[in-house]
Amino acid sequence: MIAATLLALLLGWLTGRPLLFLLLAVLGYLAWHLYNLLRLRRWLRQAELGSLPVSSGIWGSVFDGIHRLRAGSLRRRKRLNRLLKRFYKLAAALPDATVMLGEHDIIEWYNRPAQRLLGLQPSGDVGQNIGNLLRHPDFREYLARGGGDEPIEIPSPADADRMLSVHLVSYGRNRRLLTARDVTRLYRLEQLRRDFVADVSHELRTPLTVIAGYLEAVSDSADELPAQWRRSVILMEQQTRRMQQIVDDLLFLARMENGRQSGGEEPVDVMELLTAIREEAFTLSGGGHSLTLEADASLFVKGRRDELRSLFSNLIFNAVQYTPAGGKIAIRWYRAGQGARFEVRDDGPGIAAHHIPRLTERFYRIDVGRSRAKGGTGLGLAIVKHVMSRYGGRLEIESEVGKGSLFSCYFPGEVLVLFQGNKSGLEGC
Ligand code: ADP
């Protein structure tokens, strides 16, 4: 620009028209800029880098700079494309059904096993709402609550004989990933185990009743027996009763697991039930414990009386059996948030923290000898956990060695009924 200005000034001075030549120099300079701008626009419009326009001065360095930036961003784009292709290939090769869901649970992409296991069409179901295609009520409820840590099991919509474990997890903003795994084999094995336990327990019931009957008759006339037989007969009778209790508990658990307990639901008067169980607990304790009951008489639970009796009595009798004589046991039934809470607090020996997560496993006992001596079956807390999950609630255990334990059960509002004055005035919460 400086050289062009000097040349214009020289020519202007020689011809006596400096302004005209200065004007021509400025116009020439502007035309050069315009020309380079047009070349830059043409080059930027090309999809590929193509050949870089060559220029001198300021336009030379502008072209160089922009070329470097474009080359960098093209490299990054190619790398991302490669990564994306690899990801799609990997997700397509997964043996589990994988479905990517966008906003409002709209299907964005799915792999081949999703067609086989979930019955999605080879290409036609992208853009559809997943809830319109998987219509099982358990899945729709799971979808509505946004999935969770635990998968659910539903029959495959493509083949009702197959069982699927379906898991929904959130990622990114409003995005979810749905995976489904074929667990038919595991499900059948589990079903086999349940049926086996239920059948064996059922088969054992009759011979045990016969043995218990004879033993009772013999022990009624124990005075006529030789001294060395008397103790044996009493022990045999005790152990037979324990076996009957184990068989009954196993059958109860099996019935709940198989969902055969449907029907027989009614609004259960919890306060009345707890008062009766407390009386039995007094008898069990032999008056050795202080047993207090504080209960909201207006709170009923819609459910089965036998299940609720088993739940409450297991926790109350455990407190009596594991708390030494003279201990205090407090039973409470009260409104808590949207639901209600049943709790049993004792000042017994307490439970070490590492046992707590395992207490609801079948036959898990901290001290096997002590549990047996007290007639325990090791199934009580497993029953409590099952009953709670049937009512959509949960069992919580807090305990400290030497300080006592708190077993509490939360019942959600949906299973509660409010009693107002007379039984015809029962109202859902
Ligand atoms: P069990 O028939 O042996 O009582 P449960 O399933 O009811 O079986 O209880 C499992 C174990 O939990 C018991 O063996 C006992 O060791 C412990 N346990 C239950 N309740 C209490 C309690 N209130 N205090 C201390 N330990 C308890």
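Read the numbers this way: they start at 1 and go in the same order the structure lists the ligands and their atoms. Note that the numbering runs from 1 along the sequence shown for the chain.
By the 4.0 Å N-to-carboxylate-O rule, E266 lies too far from R305 to be salt-bridged with it. Checked for salt-bridge contact, D347 and K403 miss the test: no charged N lies under 4.0 Å from a carboxylate O. A salt bridge links R205 and D248; the closest N-O separation between the charged side-chain nitrogens and carboxylate oxygens is under 4.0 Å. For the pair R255 and E257, the salt-bridge criterion is not met [side-chain N within less than 4.0 Å of a carboxylate O]. Taking the charged nitrogens against the carboxylate oxygens, E108 and R175 do have a contact shorter than 4.0 Å, which makes a salt bridge. Taking a cutoff of 4.0 Å between a charged side-chain nitrogen and a carboxylate oxygen, R181 and D96 qualify as a salt bridge.
Heavy atoms of N314 come nearer than 4.0 angstrom to ligand 1 in no pair at all. Taking a 4.0 Å cut-off on heavy atoms, S405 registers as neighbouring ligand 1.
Of the protein's non-hydrogen atoms, the one nearest atom 7 (O) of ligand 1 is N318 ND2, 2.8 Å. Protein heavy atom in closest approach to atom 17 (C) of ligand 1: I366 CD1, 3.9 Å. Among all protein heavy atoms, the one lying closest to atom 24 (N) of ligand 1 is Y322 CB, 3.6 Å. The nearest protein atom to atom 12 (O) of ligand 1, hydrogens excluded, is given as L359 CD2, 3.4 Å; this is a heavy-atom distance.
Cation-pi geometry between R358 and Y364 is not met: the NZ or CZ atom fails to fall both under 6.0 Å from the ring centre and inside 45° of the normal. Cation-pi contact between R332 and Y334: present, with separation from the ring centre below 6.0 Å and deviation from the ring axis of at most 45°.
The closest heavy-atom contact to atom 3 (O) of ligand 1, among the options A352, S371, P349, G327, comes from S371. In the candidate list G376, G404, G378, G350, G378 is nearest to atom 8 (O) of ligand 1, counting heavy atoms.
Ligand 1 places these atoms under 4.0 Å from at least one heavy atom of L381: 5 (P), 6 (O), 7 (O), 9 (O), 10 (C), 12 (O). For ligand 1, the atoms lying closer than 4.0 Å to a non-hydrogen atom of T377 are 2 (O). Residue-ligand proximity, G380 to ligand 1, at heavy-atom distances under 4.0 Å covers atoms 5 (P), 6 (O), 7 (O). Which parts of ligand 1 touch R365 is read off a 4.0 Å heavy-atom cut-off, strictly below it: atoms 3 (O), 14 (O).
When heavy-atom distances to ligand 1 are checked against a 4.0 Å cut-off, I351 comes that close only through its side chain, counted from C-beta outward. Here D346 has side-chain heavy atoms under 4.0 Å from ligand 1, and that is the only part of it that gets that close. At a heavy-atom cutoff of 4.0 Å, ligand 1 is contacted by the backbone of Y364 but not by its side chain.
Ring-plane geometry between F87 and W109 is classed as tilted, the angle between the planes lying from 30 to 60 degrees on a 0 to 90 degree scale.
Open room surrounds CZ on R231; 12 or fewer heavy atoms of other groups in view lie less than 6.0 Å from it.
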